[in-house]
Amino acid sequence: MQATKSLNIVDILLEAVRKGLQEHFELDVSTTDITWNVTRKEFEGDYTIVTFPFTRTTKKSPEQVGAILGEYLVANLPEVEAFNVVKGFLNLVVADGFWHRFLMQTRDNPHYGYLPANGQKVMVEFSSPNTNKPLHLGHIRNILLGWSTSRLLQAAGYEVVKVQIVNDRGIAICKSMLAWEKFGEGRTPASTGIKSDHFVGDYYVLFEQKFQEEYKSWQESEEASQVYAARKEADLDRDSFFKAYKNDYFNDYSILGKEARNLLLQWEAGDPAAVALWEKMNAWVYAGFNETYQRLGVSFDKLYYESNTYLLGKDIINDGLNAGVFYQKPDQSVWIDLEDAKLDHKLVLRSDGTSVYMTQDLGTARLRYQDFGVNRMVYVVADEQNYHFKVLFEILKRLGEPYADGLFHLSYGMVDLPTGKMKSREGTVVDADDLMAEVIGEARGNSLERGALEALPEAERDEIIRKIGLAALKFFIIKVHPRKRMVFDPKESVDMQGQTGPYIQNAYVRIQSVLRKAATADLSEADRYVALDVAEKQLIAMVYDFPTQVKTAAEAYDPSVIANYCYDLAKSYHKFYHDFPILKADIPGASAFRLILSQIIAGVLQTGMDLLGIEMPERM
RNA sequence: GGUUCCGUAGCUCAGCUGGAUAGAGCAACUGACUUCUAAUCAGUAGGUCUCAGGUUCGAAUCCUGACGGAAUCACCA
């Protein structure tokens, strides 16, 4: 049993087709060259072999090839019960007994869908926020993708290390620090009751406001007029010029800008006061982040801090220079020539010997390998950095790093609002905490309207409502292919009908309800139910496909595969539930059989949704 | 300008290793709750799969070229 168990029915079919082609037509094809499909609903059968490709070599019509192969399969495979041929499509009917046996085996497997350990170790980096402001919708997509991909890789047999790199240093956090120092008057998150990461973010916003005020009044000055006169391009009016000049102003004239940069210099020099302030404000941010992560249901195995890693990578530069992978210009800056990979020349170390972003990332990659010995690293980062990661991976490859072949940039598209792009300057950013509160609030409203949970204790009810609200939000985001830029309509995200998380939860809840009612049923009766209905076979075939879906999704780093699979399965089950009696079935054994089928489907839905970070309620 | 990604119903998305009449959900309209809980189910309507060529027995899917949108091409991160 054990030895043959892992062979998939499709593999069995394809191998038999291959043999059939050889025996009847002396045709040698590989099983990978045979096109197959799950049979479409309009036709009878479970799996379909496409016979068009064999017409030329066999000199027979596709119908003839289909008929000959069909007869061969029925005669030689106990799993194939019948066949029919429509044009170039050979539809195969798998024996009821096969599905029956599969179901009974799967029943006792609590890990159904999980693949055996493959001995490989993968690191997934996600979230990676800046510490000057709270998490927003963009982070949510990142976090959900990172988390579900991690779970998926685990299910596919990998050992997974989840990490984030916290961008805790630089000019941005110094702006928050400065604003708090100047205008905070000693207020704290505790004294104001504001969630601590939002508290820090508020001072970042305050800095920007004060800076804008300062900039505005400077624009009236004589100095500004001189700058305008000297630097403007021919057709640029005053307003447009100053809009574009903002960064230069910050660096060259701004008092606040100078103070912020001084603070950064002090921090870099290890000034105790600056470091203490930095530590205090970052600690606030981390406390707030942790709350948000917890609400979202995610966690990390290890945190890397940019304040520790931003000086890394110098040794790798030396290695690269020695190996001739890098070259040095007369000004001492270090470069790599990637023209043969169509990637141009790229700076990896500044002329003053300090790091650039690339240097850090090179160093961090090596550090992670030293820390965990991973074969693979997945970076969940928005698609604006596609070019950066192409270069990073190419360099690591040329340096001959041992993990270089296992690098993957899980690139995802930006999240847009129906009104357009999210812009922090225009206040259109959707805050992560607000968003979660909103969907949960919506779930609460719906639940009250329905009144199904009234009898439950409040704590239990809240827990269910939380699960429903988060399911709506998470599913809405995960169901879209990562690569695609997506439109996030807050109104639609709180929808709980149709293609949504709660719809899938509802299928699970319905099953739990039936199972509770059938707690004492005798399930051994199921063996007496032998003539399966088409709908039942289709459901079993979908369940049968689950491990393949997990494998496909993990290999593609694409959780949307599982999201859409769960939806399809839930949809089929809802229809089945509507069309067929379970507890009241009068065919012998049907009730027991359908209970087992339902139970297994509930298990698959729960496992599948768990891979997406979505929890199932027992009632709703 | 170079490179990469995206373009499928009014809207949000599946389908893309080439296969049968292109699928869902939302929104609109119609019907099904005394029933294993209707956050459900059934139905109506909605399509030149951006366009034009090419490859093929067969193209939403592969190739080429246009058009539209996005990102990127820093001694920024």
Side-chain angles (χ1 to χ4, degrees), chain A residues 32 35-37 39-40 42-43 48 50-53 55-56 62 86-89 91 130 167 169-172 247 306 310 329 331-335 342-344 346-358 360-361 382-388 390-391 411 413-414 416 418 421 443 446-447 449-450 452 468 472 476 479-481 483-489 491-493 495-507 509-511 513-518 560-561 563-564 567-568 570-571 573-585 591 594-595 598 619-620:
Chain A
T32 52
T35 308
W36 67 275
N37 273 310
T39 304
R40 299 182 65 127
E42 319 77 280
F43 302 97
T48 297
V50 183
T51 60
F52 287 110
T55 49
R56 199 176 326 149
V86 182
K87 292 189 278 183
F89 302 96
N91 300 320
N130 295 318
N167 300 308
R169 62 167 287 280
I171 194 71
N247 264 340
E306 205 199 329
Y310 82 108
K329 286 191 178 175
D331 67 0
Q332 298 300 303
S333 59
V334 181
W335 297 73
K342 287 164 70 177
L343 288 170
D344 220 338
K346 193 81 192 168
L347 176 87
V348 293
L349 195 69
R350 289 196 189 101
S351 50
D352 63 5
T354 57
S355 303
V356 288
Y357 185 34
M358 190 62 73
Q360 284 180 52
D361 270 6
D383 62 7
E384 58 195 355
Q385 295 198 34
N386 284 355
Y387 179 74
H388 173 77
K390 249 190 192 165
V391 172
S411 157
M414 292 286 163
D416 291 327
K421 281 176 88 162
N446 288 345
S447 179
E449 228 170 86
R450 304 178 67 242
I468 297 172
F476 186 83
K479 73 175 183 194
V480 181
H481 192 289
R483 196 195 311 123
K484 282 191 158 179
R485 204 180 173 97
M486 68 176 289
V487 177
F488 184 89
D489 187 339
K491 276 207 295 285
E492 278 181 38
S493 74
D495 233 324
M496 308 204 171
Q497 272 151 18
Q499 194 181 28
T500 66
Y503 173 95
I504 299 167
Q505 290 178 319
N506 187 229
V509 163
R510 284 180 137 180
I511 294 172
S513 169
V514 174
L515 291 176
R516 275 195 297 270
K517 293 220 156 102
S560 74
V561 170
N564 288 303
Y567 171 69
D568 288 340
K571 185 174 162 63
Y573 186 80
H574 273 308
K575 180 164 172 52
F576 171 74
Y577 179 91
H578 183 267
D579 292 347
F580 293 82
I582 297 172
L583 297 174
K584 294 172 184 167
S591 184
R594 287 172 190 165
L595 280 168
S598 299
R619 306 163 194 271
M620 64 193 286

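Residue numbering restarts at 1 for every chain, and letters A, B, ... go by the order of the sequence lines.
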Where the side chain of [X] meets the backbone of [Y], is there a donor-acceptor pair that is under 3.5 Å apart?
X      : Y      : answer
A:Y573 : A:I504 : no
A:T55  : A:P62  : no
A:T48  : A:W36  : no

Please determine whether a side-chain nitrogen or oxygen atom of [X] lies at a distance below 4.0 Å from atom OP1 or OP2 of [N].
X      : N      : result
A:K479 : B:rA24 : no
A:R350 : B:rC76 : yes
A:T35  : B:rG19 : no
A:R483 : B:rC6  : yes
A:K484 : B:rA14 : yes
A:K346 : B:rC73 : no

Rounded distance in Å - [atom1] ([X]) to [atom2] ([N]):
X      : N      : atom1 : atom2 : value
A:D568 : B:rA24 : CG    : C1'   : 8 Å
A:E492 : B:rC26 : CD    : C1'   : 6 Å
A:F476 : B:rA24 : CZ    : C1'   : 14 Å
A:Y387 : B:rC5  : OH    : P     : 15 Å
A:Q499 : B:rG15 : CD    : P     : 11 Å
A:L347 : B:rA77 : CG    : C1'   : 14 Å
A:D489 : B:rG25 : CG    : C1'   : 14 Å
A:H388 : B:rA71 : NE2   : C1'   : 15 Å

Tell me what [X] touches on the nucleic acid: a base, only sugar-phosphate, or nothing, going by heavy atoms under 4.0 Å.
X      : result
A:F43  : base
A:I468 : base
A:N91  : base
A:P418 : nothing
A:F488 : nothing
A:M414 : nothing
A:K571 : sugar-phosphate
A:E306 : sugar-phosphate
A:R40  : base
A:T48  : base
A:K421 : sugar-phosphate
A:Y503 : sugar-phosphate
A:V480 : sugar-phosphate

Whole-angstrom distance between [N] and [M], as gauged at atom [atom1]:
N      : M      : atom1 : answer
B:rA52 : B:rA60 : P     : 13 Å
B:rU12 : B:rG7  : P     : 13 Å
B:rA45 : B:rU50 : P     : 24 Å
B:rC62 : B:rG2  : C1'   : 25 Å
B:rC16 : B:rA32 : P     : 38 Å
B:rC13 : B:rG58 : P     : 34 Å
B:rU61 : B:rU44 : P     : 29 Å
B:rU37 : B:rG19 : C1'   : 42 Å

Taking all non-hydrogen atoms of both residues into account, name the closest pair between [X] and [Y] and its distance.
X      : Y      : answer
A:P581 : A:A585 : O-CB, 3.6 Å
A:Y567 : A:Q499 : CE1-CA, 3.4 Å
A:A472 : A:S493 : CB-O, 3.6 Å
A:A507 : A:A570 : CB-CB, 3.9 Å

Measuring from atom [atom1] of [X] to atom [atom2] of [Y], what distance do you get when rounded to the nearest 0.5 angstrom?
X      : Y      : atom1 : atom2 : answer
A:Q497 : A:N506 : CD    : CG    : 9.5 Å
A:R619 : A:R516 : CZ    : CZ    : 4.0 Å
A:D489 : A:D495 : CG    : CG    : 9.0 Å
A:L349 : A:S355 : CG    : OG    : 6.0 Å

The side chain of [X] lies closest to which of these nucleotides: [options]?
X      : options                : answer
A:K87  : B:rU21, B:rG25, B:rU4  : B:rU21
A:R450 : B:rA38, B:rA14, B:rC75 : B:rA38
A:Q497 : B:rU40, B:rU37, B:rC75 : B:rU40
A:S447 : B:rA42, B:rA39, B:rC73 : B:rA39
A:P502 : B:rC75, B:rU3, B:rA39  : B:rA39
A:P53  : B:rC13, B:rU40, B:rG19 : B:rG19

Practice problem: Give RNA chain B the dot-bracket treatment, 5' to 3': Watson-Crick (N1-N3 with N6-O4 or O6-N4) or G-U (N1-O2, O6-N3) under 3.5 Å, [ ] crossing, | other strand. | Solution: (((((((..((((.....[...)))).(((((.......))))).....(((((..]....))))))))))))....
Quiz item: Hey, which of these two, A:V487 or A:D579, hits RNA chain B nearer its 5' end, going by closest nucleotide?
Solution: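 On the 5' side of the pair lies A:V487.
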Practice problem: Between A:V561 and A:K329, just flag the one whose closest nucleotide in RNA chain B comes earlier from the 5' side. | Solution: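 Taking each residue's closest nucleotide, the earlier one in sequence belongs to A:V561.
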Exercise. Validate the cation-pi geometry between A:R594 and A:F580: distance from NZ or CZ to the six-membered ring centre under 6.0 Å, angle to the ring axis within 45°.
Key: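 Judged by the rule, A:R594 and A:F580 form no cation-pi pair.
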Quiz item: On a plain distance test, is the side chain of A:T55 in donor-acceptor contact with the base of B:rC57 below 3.5 Å?
Solution: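 Under the 3.5 Å cut-off, the side chain and the base do not form any donor-acceptor pair.
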Quiz item: Is there a donor and acceptor pair closer than 3.5 Å between the side chain of A:R485 and the base of B:rA70?
Solution: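 Counting by modelled atom types and ignoring angles, no donor-acceptor contact under 3.5 Å is found here.
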Quiz item: Has A:F52 got its ring stacked on the base of B:rG19, with centres under 5.5 Å and planes less than 30° apart?
Solution: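 It does: the ring sits over the base of B:rG19.
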Self-check item: Aromatic ring of A:F89 stacked on base six-ring of B:rA20, 5.5 Å, 30°
Solution: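 Stack criterion met.
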